[in-house]
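Encoded as structure tokens, the structure appears first; notes follow it.
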Amino acid sequence: MRYSRFFIPTLREVPAEAEVVSHKLMLRAGMIKKLASGVYNYLPLGLIVIRKVEDIVRRCMNEAGAIELLMPSVQPAELWKESGRWNYYGKELLRIKDRHDREFCYGPTHEEVITDVVRSFISSYKNLPINLYQIQTKFRDEVRPRFGLMRGREFVMKDAYSFDMDDAGANISYENMRQAYCRIFEACGLKYKVVDADTGSIGGSFSHEFMVLADTGEDFVISCDSCDYSANLEKAVCVDEYTKSADELKPSEDVETPRAKTVEEVAAFLNVPSASIAKTMIVRVDEKLVGIMVRGDHEMNMAKVKNYFSATTVELASHEEIEEATGGPMGFSGPVGMKVPVYGDFAVAAMVNYCVGANLKETHTLNVNHGRDFEFADVDDFRNANPGDKCCQCGGKYVITKGIEVGHIFKLGTKYSASMNATFLDNEGKRQPFIMGCYGIGVTRVAASAIEQNHDEKGIVWPVQLAPFKVCVVPLAVKDEEVMKNAEVIYNTLNRMGLEPIIDDRDERAGVKFNDAELIGIPVRITIGKKTLEKGCVEITVRKTGITEEVPVEGCTERAAAILQELSQNC
RNA sequence: CGGGAUGUAGCGCAGCUUGGUAGCGUACCUGUCUUGGGAACAGGUGGUCGCAGGUUCAAAUCCUGUCAUCCCGACCA
């Protein structure tokens, strides 16, 4: 590629809209351009990188025996009504109508469509298992798109769906995908972690997430410091490690706590540790209101609540609902006299003589005790894990790191095949629903997270595998015949060697070219200047280390190849 | 959806308090000169100041509404 004939609109300054590194650098490097909130143009340089990710994904998926197809991005409402998700999916589903007023949606995922395809054509166990995938643009009307490609509304995703005749087969398909995913992220040169995950609204029985570790990640990964357990925050199990204090129960008393609503405010006002306070959150589980109590220094985990009640929706109650449930205003809820059932976290169940809201304006009650003042409907794990908590597998300690979810695999079971009547005949001639799995990779998000993980103050430092160009040939004096002649020879040789070079043939000053090459993150730069050429040499600079070496013109391309080889192995 | 903020040239920003010819840097174009780390000089192109109302002789500036974007939170295969 010739730089002068290509289209890389780099920016010297960061557009004000960008907050995180990958977003800033993608804008500055001329990879993307925003069209609307969460909707981006993929400019040529960005597209090359996205295609690289797609190629790796495609290769690994094919090797794993999956078969590519392409489904429509616009889907009829009927299929979604059939699976029950038309109502369930909520506002994230972009619903549209055609000219005949028929309802459609822009596909956020394709379980319905693939199930429809498979039930139409596969009716015998002899054709199973099968794993079909596509790489396609999705649209999810996110409440708050942010961070550029990291959380866009429109994005490119690889989604695969497996169909098996029985549970054992489905487990094999799942494991097969898990391994394929590891190969994919390794091939992309990313540092990642596989974690236990909640199944969320896609449903199903178990699930793993693939997290790229980066400080700017939106997800928290809980892992154990002494075994291989890791899970996302929603899922990470908090064990009941508490022993109830044998302290004598004190009589309870109401105290006024003016203007103190939050646990921190109450703790500060009463001058007690927040761990001696129990907060009571009113949540709406489907249509029912319940109270959930967690220790003041803990956070309630909505996913755990949702799973405990096997609910479809769990939301924090509105102010009106809180008054309805407690008879008191928001901020002062407590379990005593509550009109709805109260559930306690393990940690609360071990507390004695604790402080709770009194269900009265600006009042809390001290020395409350369950068993005496109120009863729990049940006790379970309802909170987020904290660093230092006991590992649920080995008793080690949890540590917390940030990650970006780039892949998610689910074992779906018969969720869709049952609701959509997708069946086959088994070897006894009996009709059975397919056992399904689904497997997603955020292709555009992989590109963004690669930048989060690989950058410095000068710009992007692409892993060789994802670099839009592998070598940047920089002739310093475009008008110098000797320099240009050598640059062209080197460039052509690199091209023949398949090293995907770009030659910066622009009539720009050295600084401009160096800065752009560094910004867009080309792994290896070959600099051809008059001075070094007089010695029969060129310079090779490695983007990642910044180290420059002088090598003879003869053999400089082989040296570049060797460096690239080494770089891709170190990833 | 709750809270906060911002919309002025491709990008980054000033001007608004106290209404009176729309500015700076960068990018872009032309020329001279320069050429190993974002050169210099000279000249130039480009904006109905987000949009719609209102107040006023006069609105980027004041008022009302609206739209868009961003941040925090809630939510999220």
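The sequence lines fix the lettering, A, B, ..., with proteins before strands; numbering per chain opens at 1. Only heavy atoms go into these numbers, but all of them, side chains included; no hydrogens, no water, no symmetry mates.
- For G4(B), its base never sits under 3.5 Å from the side chain of R144(A) at any donor and acceptor pair.
- S37(A) has a side-chain polar atom (N or O) that falls below the 4.0 Å cut-off from OP1 or OP2 of C70(B).
- Comparing U35(B), G12(B), G37(B) by their nearest atom to the side chain of A510(A) picks out G37(B).
- For the OP1/OP2 pair of A27(B) and a distance below 4.0 Å, the side-chain nitrogens and oxygens of R12(A) include at least one atom meeting the criterion.
- No engagement by D159(A) is indicated, since no non-hydrogen atom pair under 4.0 Å with the nucleic acid exists.
- Using N1 to N3 plus N6-O4 or O6-N4 for Watson-Crick, or N1-O2 and O6-N3 for G-U wobble, each under 3.5 Å, G43(B) pairs with C29(B).
- Within the 4.0 angstrom heavy-atom criterion, no nucleotide atom of any strand lies near K513(A).
- A salt bridge links E82(A) and R119(A); the closest N-O separation between the charged side-chain nitrogens and carboxylate oxygens is under 4.0 Å.
- Taking the P atom of each, U8(B) and G50(B) are spaced 6 Å apart, rounded to whole Å.
- With rounding to the nearest 0.5 angstrom, the CE atom of M293(A) is 11.5 Å from the CE atom of M281(A).
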Sequence neighbours excluded and cut-off under 3.5 Å, please list the side-chain donor-acceptor pairs for residues 23-32 of chain A, or say none.
residue: H23(A); atom: ND1; partner: G148(A); partner atom: N; Å: 3.4
residue: H23(A); atom: NE2; partner: Y40(A); partner atom: OH; Å: 3.3
residue: R28(A); atom: NH1; partner: L11(A); partner atom: O; Å: 3.1
residue: R28(A); atom: NH1; partner: R12(A); partner atom: O; Å: 3.3

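- When each of P108(A) and T541(A) is assigned the nucleotide of RNA chain B bearing its nearest heavy atom, the one mapping closer to the 5' terminus is T541(A).
- Base pairing of A74(B) is not made with any nucleotide, judged by Watson-Crick or G-U wobble geometry with both donor-acceptor distances under 3.5 Å.
- Judged by Watson-Crick or G-U wobble contacts below 3.5 Å, the nucleotide G7(B) has C67(B) as its partner.
- No contact: R153(A) has no heavy atom under 4.0 Å from any strand.
- Applying the side-chain hydrogen bond (donor to acceptor under 3.5 Å, both in side chains) test to N486(A) and every residue at least two apart in sequence or in another chain returns nothing.
- Computed from coordinates, the H23(A) NE2 to C70(B) P distance equals 8 Å when rounded to whole Å.
- At the heavy-atom level, R525(A) lies under 4.0 Å from base atoms of the strands shown.
- Using a 4.0 Å heavy-atom cutoff across all strands shown, V14(A) reaches sugar-phosphate atoms only and no base atom.
- Position along RNA chain B of the nearest nucleotide to T10(A) versus E13(A) favours E13(A) as the more 5'-ward residue.
- Using the Watson-Crick or G-U wobble rule with both distances under 3.5 Å, C24(B) pairs with G12(B).
- Contacts of F147(A) with the nucleic acid, taken as non-hydrogen atoms under 4.0 Å apart, involve only primed sugar atoms and P, OP1 or OP2.
- Comparing the same atom, C1', in G4(B) and in C63(B) gives a spacing of 22 Å after rounding to whole Å.
- Side-chain contact, N301(A) with E234(A): no donor N or O sits under 3.5 Å from an acceptor N or O.
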